[in-house]
Amino acid sequence: MSLFPTYSKYDVTPVKGEGTYLYDVNGKRYLDFTSGIGVINLGHCHSMITKAIQKQAETLCHTSNLFHIVGQETVARKLCQYSGLDAVFFCNSGAEANEAAFKLARKWGNEARLIEHPKIITFKHSFHGRTLATLTATGQDKVKQGFAPYPEGFITVPFQDIDHIKRITGSQIVAVCIELVQGEGGVHPSDRQFVQDLANWCQEKNILLMVDEIQTGMGRTGELFAYQTYGIQPDIVTLAKGLGNGFPVGAMLATERLKPYFGPGSHGSTFGGNPLAMAVAEAVINEMTQPSFLQEVREKGDQLFQSLKEMCVEIEEVIEVRGLGLMIGIELNRPVGSVIQQLTQKGLLTVAAGEKVIRLLPPLTVTTKQIQDAIEMIQQVLNPSQVAVFT
Ligand SMILES: Cc1ncc(COP(=O)(O)O)c(C=O)c1O
């Protein structure tokens with residue numbers, strides 16, 4: 001093999017996708033409750049996305065940001081309309097969107113608040129990416145090991161401890177970056193009161209509130225953006241994953257007052273926001289803003305969550321079932337690797353979050369029947385003595 005051994009892979013080679021299903025080289029069908037780690041939110045090979053790619057690929061794929069790109073204006077306008085933010089920078093991945101956000105916060109700190117060495121607060125167990133700045137921002141040692149020296153300017157604090165945060169003021173804090181539901185760190189939804197206290201504190205201290213919606217965004221939690229369920233309005237939001245439904249695209253959204261700090265020459269990306277990426281993102285947004293789409297996500301999220309909770313009451317090794325919308329974690333009292341393997345053999349693909357959490361991220365288009373099928377497989381693996389089908 002001529003690949004770096006960067007990933008420990010499942011023993012599955014998918015070659016075809018259709019809605020919630022993946023098919024491997026041997027023709028075996030799997031229910032895909034990973035969605036490519038929170039990416040394929042509209043399911044595999046959604047007809048509108050395929051059509052958008054085909055049509056744009058026949059017209060114009062890439063020109064560079066030397067030129068005006070019609071699709072950027074359209075997608076940015078829609079993202080601003082639905083988010084309440086005012087300006088968008090397009091890139092290609094989650095880490096890049098966060099890098100853009102960190103750079104913007106620093107530049108604003110330097111120029112608007114005259115802070116020479118701006119600092120950004122992040123949280124323990126968070127995940128913000130694998131580039132040098134984003135792995136430094138990430139609150140998990142395993143992501144950082146071996147990559148010292150780390151860029152300066154990040155302070156990682158305990159998750160959900162507002163008093164701790166208040167105690168570190170007086171320093172040169174310009175922003176707080178939060179995942180409202182920590183994904184990689186174990187599917188931990190933030191407490192509503194904590195988030196509101198944090199938002200109020202940021203406003204009071206003139207500190208930017210930056211929400212990493214790379215995993216929670218694009219409908220995953222039952223709203224287009226998770227912060228909409230928390231009743232707050234951030235200064236900066238980062239997106240990727242579900243925005244392209246499999247086509248690599250990222251975005252950083254910010255408020256009007258931050259717009260001047262990313263002037264000509266301050267930041268850039270060769271591929272960011274190219275016509276092909278924009279055609280896909282526009283199709284994704286159009287699908288997700290259909291009248292009942294998000295309501296159905298919330299209903300299916302409730303169905304999956306309640307059924308799992310009901311089923312897991314009887315299973316001693318389950319510590320907790322938690323989540324928001326269709327982002328759900330089952331925490332066990334032991335490592336989940338072998339459980340995930342058994343589920344895979346049965347035909348259900350899931351992904352670990354940390355060592356002890358099974359993460360369920362089905363496409364938002366998953367059907368009620370597919371949810372029932374998944375629950376049945378989880379039941380067979382976690383609690384084989386009970387064969388009742390939960391609905
Ligand atoms: C919350 C969050 N932020 C950032 C990232 C990094 O995104 P990417 O892998 O596209 O760089 C991820 C990826 O899992 C994520 O879940």
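All values below were derived from every heavy atom in this structure, side-chain atoms included, with hydrogens, water molecules and symmetry-related copies excluded. Every number for a ligand or one of its atoms is a count from 1 in the order of the listing. No experiment lies behind these values; they were computed from the predicted model shown. Count residues from 1 along the sequence.
Among the atoms of Glu96, none of the N or O lies under 3.5 angstrom from an N or O of ligand 1.
Taking a cut-off of under 4.0 Å to the non-hydrogen atoms of Ser93, the atoms of ligand 1 that pass are 10 (O), 11 (O). Per-residue contacts place Ala95 under 4.0 angstrom from the following atoms of ligand 1 (heavy atoms of the residue considered): 6 (C), 7 (O), 8 (P), 11 (O). Short contacts between ligand 1 and Lys241, defined as distances under 4.0 Å to a heavy atom of the residue, involve ligand atoms 12 (C), 13 (C), 14 (O), 16 (O). Ligand-side atoms of ligand 1 in range of Gln215: 16 (O), range being under 4.0 angstrom from any heavy atom. For ligand 1, the atoms lying closer than 4.0 Å to a non-hydrogen atom of Glu179 are 1 (C). Listed by atom number, the atoms of ligand 1 under 4.0 Å from Gly94 heavy atoms are 7 (O), 8 (P), 10 (O), 11 (O). Remark: ligand 1 atoms within the under-4.0 Å shell around heavy atoms of Asn98 are 3 (N), 4 (C).
A donor-acceptor contact closer than 3.5 angstrom is absent between the side chains of Asn245 and Glu287. His44 and Asp32 share a side-chain donor-acceptor pair at under 3.5 Å. Between the side chains of Gln196 and Asn200, no donor N or O sits under 3.5 Å from an acceptor N or O.
The aromatic rings of Phe123 and Phe194 sit perpendicular, their planes meeting at an angle over 60°, well past the 30° parallel limit.
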Does the pair Tyr82 and Phe225 meet the rule for a ring-ring contact (aromatic ring centres under 6.0 Å, His included), with working shown? CA-CA 9 Å; Tyr82 293 115; Phe225 311 109; 8.2 Å; no
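In this structure, the protein non-hydrogen atom closest to atom 3 (N) of ligand 1 is Asp212 OD2, 2.8 Å. For atom 2 (C) of ligand 1, the nearest protein heavy atom (residue, atom name, distance) is Phe127 O, 3.4 Å.
Using a 4.0 Å cut-off between a side-chain N of Lys or Arg and a carboxylate O of Asp or Glu, Arg359 and Glu184 qualify as a salt bridge. Residues Glu223 and Arg298 are paired through a salt bridge, judged by an N-O separation under 4.0 Å between the basic side chain and the carboxylate.
Remark: of the listed residues Phe102, Phe90, Phe89, Phe89 is the sole one forming a ring-ring contact (aromatic ring centres under 6.0 Å, His included) with His267.
In this structure, Ile37 falls outside the shell of residues with a heavy atom less than 4.0 angstrom from ligand 1.
When distances from atom 8 (P) of ligand 1 to the protein are checked, a heavy atom turns up under 4.0 Å.
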